[in-house]
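Heads up, the thing below is written out as structure tokens.
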Amino acid sequence: MTSPRRIWLAVAVSSLGWGTSGVMTRVALDEQIRPYAIAAVRAGLAAVLIVVWAWARRRRPSFDGVTWRVGLVMGVSNLAIPLVAGNVALQYAGAGFVGVLAALIGLFTAALAHVMLPDEPMRLGKVGGLTIALVGVVVLFLSGDSGLGEGGRPLVAGTVAIFGYLSIAVGSVYAKKHAGRYAPIDVSLVQFVAGAIMVLVATIAVEGAPRVSTVLGGTALVYMALMSTVIPFLVYYWLLRHVTVVYAAIIGYLVPLVAVVVGIVALGEELQPGIVVGGALILAGVVVTDRVEQRIVPQGQAAESPAVTPLNGD
């Protein structure tokens with residue numbers, strides 16, 4: 001049995017990594033690195049890091065059919081599409097606004113899990129929590145606040161970001177469906193290498209060869225590759241072995257808090273009323289949904305496989 005402390009540590013690590021991703025992307029954009037180039041370099045560095053990690057541990061990867069399928073699906077749905085969509089969205093809105101919308105990952109995940117995972121049905125309490133969160137998203141959109149004052153285009157940013165978040169939900173449910181049949185580091189190898197290749201091809205087609213001309217921009221990309229890609233994904237795959245996919249999706253609700261706070265502190269973004277009210281309603285829905293999940297499946301016992309591997313996949 002996995003302790004609640006380890007589970008919440010995993011949730012915290014992933015939330016911090018993904019929550020700071022938007023802010024670091026804004027830093028890279030300010031350094032004149034183009035959106036597709038950011039995605040390509042980040043994915044490429046992540047692929048190199050995971051390969052080096054596996055080699056340093058002198059571990060022989062096991063690339064069976066399930067690992068290939070899950071890795072390729074995650075490479076498209078949880079790496080290539082979200083990276084490009086998120087970077088494009090951040091051109092039109094602040095990190096706080098785009099980060100708050102990450103709460104939709106949990107809503108999409110719960111709905112897909114109801115259809116695709118027999119053990120994770122939609123229940124009345126969960127529907128109530130998700131409805132409250134949806135109201136929060138509506139308030140966020142109607143307010144017109146973007147985190148960039150008058151210069152933002154929240155409708156454009158929101159549409160692009162939501163597409164990326166829906167893609168994440170699809171990949172997460174698929175990965176959960178096969179949890180226990182692959183090692184996190186093996187599926188991460190396939191995901192990062194395949195995703196990096198796809199993003200690089202798209203980048204060259206749209207923007208040409210990626211270019212990074214400043215030290216600050218390069219530092220932001222290295223940070224995102226390690227702290228916002230490799231480590232959070234390895235931890236997330238481990239988490240899927242021990243809790244329901246909806247419970248793991250609570251990360252999507254904590255990401256907005258990290259994004260908003262870091263965006264305000266590091267980038268001087270405005271804490272506008274729409275973000276406060278919408279974010280508060282979203283988080284209220286999260287609390288209700290989380291309580292329902294805990295009553296249904298005791299924390300630390302959900303969906304645990306008889307053959308659970310450690311985080312490093314050994």
For Val52, the rest of its hydrophobic cluster, which grows through side-chain links under 4.5 angstrom: Val48
Where Ala85 and Gly164 come nearest, the two heavy atoms and their spacing: CB-CA, 4.0 Å
Co-membership, hydrophobic cluster, residues Ile105 and Phe108, 4.5 Å side-chain: yes
Evaluation steps, side-chain contact (heavy atoms from CB on, under 4.5 Å), between Leu117 and Lys177: CA-CA 7 Å; Leu117 303 175; Lys177 187 174 182 179; 3.8 Å; yes
Check: Pro35 and Gln91 side chains under 4.5 Å, non-hydrogen atoms: yes
Whether Trp68 and Phe63 hold their rings parallel, tilted or perpendicular, with breakpoints at 30° and 60°: tilted
Residue that, paired with Val11, satisfies side chain to side chain contact (heavy atoms under 4.5 Å, CB included) out of Val235, Leu239, Leu16: Leu239
Spatial distance of atom CZ (Arg42) from atom CG (Leu221) [nearest 0.5 Å]: 9.0 Å
All side chain to side chain contact (heavy atoms under 4.5 Å, CB included) counterparts of Val51, not counting sequence neighbours: Leu189, Val193
Chi angles and distances behind the side-chain contact (heavy atoms from CB on, under 4.5 Å) call for Leu234, Ile50: CA-CA 10 Å; Leu234 285 173; Ile50 196 69; 4.1 Å; yes
Atom of Glu31, atom of Gly217 and distance for their closest heavy-atom approach: CG-N, 3.8 Å
From CA spacing to verdict: side-chain contact (heavy atoms from CB on, under 4.5 Å), Val199, Tyr36: CA-CA 7 Å; Val199 174; Tyr36 279 80; 5.8 Å; no
Exercise: do Thr67 and Arg181 side chains pair donor with acceptor under 3.5 Å: no
Short side-chain to backbone donor-acceptor contact, Thr109 and Ala169, under 3.5 Å: no
Pairwise distance OH(Tyr165) to OG(Ser172) - rounded to 0.5 angstrom: 13.0 Å
Flag, side chain of Glu207 to backbone of Ala37, donor-acceptor distance under 3.5 Å: yes
Side chain proximity check, Thr25 to Leu29, heavy atoms < 4.5 angstrom: yes
Apart from Ile81 itself, residues in the same hydrophobic cluster as defined by side-chain heavy atoms under 4.5 Å: Val76, Phe163, Met198
Criterion side chain to side chain contact (heavy atoms under 4.5 Å, CB included) against Ile38, the qualifying member of Val27, Leu83, Val212, Asn87: Asn87
Sequence neighbours excluded, every pair satisfying ring pair (Phe, Tyr, Trp, His ring centres under 6.0 Å) that has a member inside residues 190-230: Phe192-Phe233
Ala196 to Ala47 - nearest heavy-atom pair and separation: CB-CB, 4.2 Å
Steps toward ring pair (Phe, Tyr, Trp, His ring centres under 6.0 Å) verdict (His178, Tyr182): CA-CA 8 Å; His178 298 283; Tyr182 56 79; 7.8 Å; no
Student check: side-chain heavy atoms of Met227 and Thr20 closer than 4.5 Å: no
Note, Arg34 side chain near Pro210 side chain (heavy atom, < 4.5 Å): no
Close side-chain approach of Thr229 and Leu79, heavy atoms under 4.5 Å: yes
Heavy-atom closest pair, residues Leu240 and Ala179: O-CB, 3.8 Å
Sidechain-backbone polar pair: Lys176 side chain, Val245 backbone, donor-acceptor under 3.5 Å: no
Side-chain hydrophobic cluster, 4.5 Å single linkage: members besides Val215: none
Path from Leu45 to Leu200 over hydrophobic side-chain contacts below 4.5 Å: no
Minimum heavy-atom distance Gly195-Ala80, with the two atoms named: O-CB, 4.4 Å
All side chain to side chain contact (heavy atoms under 4.5 Å, CB included) counterparts of Ser77, not counting sequence neighbours: Val73, Met74, Ser167
Side chain proximity check, Tyr237 to Arg241, heavy atoms < 4.5 angstrom: no
Gap separating the OG atom of Ser213 from the CD atom of Gln32, nearest 0.5 angstrom: 8.0 Å
Side-chain heavy atoms of Ser188 within contact of Val230, under 4.5 Å: no
Shared hydrophobic cluster for Ile204 and Val201 (ILVMFWY, side-chain gaps under 4.5 Å): no
Nearest heavy-atom neighbours spanning Asn78 and Gly171: OD1-CA, 3.3 Å
